[in-house]
There are 4 protein chains.
Amino acid sequence: MATGAGGPRGRGRPRTPGAEDKILAAALEEYGEHGWSGFTMDAVARRAGVGKSTVYLRWHDKDALLTEAVTRHGIELTTVDTGTLRGDLLALAGNLLRHFHSPAGWATIRVTFDVASAHERLGGFSRAVSQVHGRQVELICQRAKDRGEMDPGIWPGVVTEAIYGAAMINSLSERLEGREDDEAYLDERAAWLVDLVLLDITR
Amino acid sequence: MATGAGGPRGRGRPRTPGAEDKILAAALEEYGEHGWSGFTMDAVARRAGVGKSTVYLRWHDKDALLTEAVTRHGIELTTVDTGTLRGDLLALAGNLLRHFHSPAGWATIRVTFDVASAHERLGGFSRAVSQVHGRQVELICQRAKDRGEMDPGIWPGVVTEAIYGAAMINSLSERLEGREDDEAYLDERAAWLVDLVLLDITR
Amino acid sequence: MATGAGGPRGRGRPRTPGAEDKILAAALEEYGEHGWSGFTMDAVARRAGVGKSTVYLRWHDKDALLTEAVTRHGIELTTVDTGTLRGDLLALAGNLLRHFHSPAGWATIRVTFDVASAHERLGGFSRAVSQVHGRQVELICQRAKDRGEMDPGIWPGVVTEAIYGAAMINSLSERLEGREDDEAYLDERAAWLVDLVLLDITR
Amino acid sequence: MATGAGGPRGRGRPRTPGAEDKILAAALEEYGEHGWSGFTMDAVARRAGVGKSTVYLRWHDKDALLTEAVTRHGIELTTVDTGTLRGDLLALAGNLLRHFHSPAGWATIRVTFDVASAHERLGGFSRAVSQVHGRQVELICQRAKDRGEMDPGIWPGVVTEAIYGAAMINSLSERLEGREDDEAYLDERAAWLVDLVLLDITR
DNA sequence: CGATAAGCGAGACGGTACGTCACGTCTTGGC
DNA sequence: GCCAAGACGTGACGTACCGTCTCGCTTATCG
């Protein structure tokens, strides 16, 4: 992961400010267009208009770059406090479905699976994904529990797995079948999904 | 995909019968051990004890080999007729969870996601996955409908997506957290999942 | 080298009579067109209209085939008894120049040089070339000595080397310069060459 | 042929200075030890201690590398001004005989013949050989003509062909017969050859 | 005549080298 | 000391050819 800003302000030329964002964006675009094979560091550097050394100065290798590129965009997921559990979950599920249907969101999924396959280096990324994504659901559940909408004994992971799993499989099957994006359909699926989850946790 | 059997019985030396299976098995093992990067055709050929030409004679490139290796093993999933919808779904969910936790099953997922990302060549594979996996659920649902256990108006795709999505996300989260396999836990999850689905389709 | 005819007349199907000549001819043509690199056994077999096994049944490997193809054609060189040393040498030199300018003759030279570079297996070929070519000159010289035209003390090798070396370098330089074949020029060169040799051996 | 030195001084890392010489030397050694077959680019790169990309960056393919390797060493032939035509020719003939008996010189011959067979790409190499080798003889002849030792009407090519052809055939026949190198014999042959040429051009 | 044997065209086989390409590192001059 | 450019050593890619092998077939001799 890139060395965060700040630091003791070294002596030489400072790192070009916009470089990191340009590179991360280029990485995501390349990954989206060409997939893992066909995703080359040279192409990323060329597309970002920087030299390879600038890339390798910030990320140790290909995996690290791609992982962070994907994490950054996956992290943008936010939730709103609508006042009801159903409203919160509806917003989350809708965002998630839309996210997974976007190139960046889809890339997130793929990288997550790749990372989950490599036992050695999953530390940072899995933690990031688990925490960032899981945290949102925990917040929602906590609010619901505070309001008395939800049994305090229920583990929020159940909700997380249900929503994320459904969104993932939905996105996958649509892609396999070549279906087109359809906002109304996504909303409908979100509603169906949330009601199912509510049914389950109040069962 | 390898040229199917049969044909007009060409004139030259026939292709070595066992070669394809050996190569596919070697491919799966290599993929399981080393992941996509680190999966090399030379290693597959060496492990299978064949020359590279023998591999490339059957599969056009790395992707094609891996795709078929994974499809073959993903296709082995079968179901049993236990006499009840719940029993059928329990067997399916249990098999699926165990499958996705195995190296070959996990590889299936990864390759499926990769294939779903490449719009050009998903034809054969996505059809295979959709049909083979979807067909099992359709059979189960048809039997349930015949027995009057299930409302004929329900689209089996709902069941498929729920079970596969849950199995997938479950396998993913276990891997991300480094959890170990646990038969009892898998059975418990399967039961929980099936009951959720039943709750949904009888809602 | 191919097993000559005759033999005890085995039991199985006899070797197809014309095959050897077809293969040798095809080999020479391939060599002439594509050189050593680009000279492939598959192409030879295809051009000759036979299977590879038919080729390998007769020659142990590529070298052996090419060597014999070239030897066969190099061996066709014959001389005539014109009654005078100068006439005999003129005929020989003319034939030789023409031979080296033909594709087959040029191939002979190239293969000879290749063979001369491989110390292990030059046995058969070098003997063939030395004897076949050297023998002609020896015969001419013997007749000349018998007629009293030539000092018996002169080693015929001198004549051989002079004529063959000149013909070889002549052919080489013409090729390097892209000059076209020219019968009259060849005859002129032959005459000049022979007179030079005569000058030398009567010196 | 490798891009000559100089140039506009590009921006990236300069090509490693010694690499070309190391590679050319390694190529000659490999060729000398293993001949054309058995001459592999991997082995050349390994022996030179460089990567294959470094080789292919400079030479387009195997032929180009070998051709230049041989040209470089063939070009080293120089002559001395001994003050007499016979002395100059003796020195040249001696050098040439020794050159053709050395592995590098012999390789020059072989490659020259190969190049002379490929009509497409003989441009650079044949010109190099013709000019470099022919130029030496022209210089010798010019000096002889200036001194009045040689009829100005004689074309120096006659001398070139005679000396080079004799040296070539001599080296070839020695190799075919497996004769060992013998300095005294080479000098004797050189003297005999030069006297023959002198006899001819003063005839 | 049928059995036996070898040649034959076709082409798959295990290897190995080809020439290309990407990785991650290193080395310039310029900023 | 960061940067763009690009050469470097390494190693996998997918192709092509080597020399061997295994088919089904043909063409001979021998019993």
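The chains referred to below are lettered A, B, ... by the order of the sequence lines, with proteins before strands, and numbering in each begins at 1. Being a predicted model, the structure only gives us computed values, none of them experimental. Quick note: numbers below take in every heavy atom, side chains included, and nothing from hydrogens, waters or symmetry partners.
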Spacing between [X] atom [atom1] and [N] atom [atom2], to the nearest angstrom:
X: D/R46; N: E/dT16; atom1: CZ; atom2: C1'; value: 12 Å
X: A/E20; N: F/dC2; atom1: CD; atom2: C1'; value: 13 Å
X: D/R11; N: F/dC2; atom1: CZ; atom2: P; value: 20 Å
X: C/L65; N: F/dG19; atom1: CG; atom2: C1'; value: 13 Å
X: D/D63; N: E/dC18; atom1: CG; atom2: C1'; value: 12 Å
X: A/Y56; N: E/dT25; atom1: OH; atom2: C1'; value: 9 Å

key: Side-chain donor/acceptor of C/T67 to backbone N/O of C/D63, under 3.5 Å   = yes
Rounded to the nearest 0.5 Å, how far apart are [atom1] of [X] and [atom2] of [Y]?
X: B/R46; Y: B/M41; atom1: CZ; atom2: CE; result: 13.0 Å
X: A/L65; Y: A/Y31; atom1: CG; atom2: OH; result: 12.0 Å
X: A/I23; Y: A/E30; atom1: CD1; atom2: CD; result: 13.0 Å

ask   = If you take all heavy atoms of D/T16 and D/R58, which pair is closest and at what distance?
value = O-NH2, 3.5 Å
ask   = Could you run down nucleotides 7-12 of chain F 5' to 3' and tag each one B, S or - for protein heavy-atom contact under 4.0 Å?
value = BSBB-S
message = What verdict does the side chain to side chain contact (heavy atoms under 4.5 Å, CB included) test give for A/K62 and A/Y56, after you've listed the backbone C-alpha separation in whole Å, the side-chain angles of each residue and the deciding distance to 0.1 Å?
response = CA-CA 9 Å; A/K62 203 163 140 169; A/Y56 278 101; 5.7 Å; no
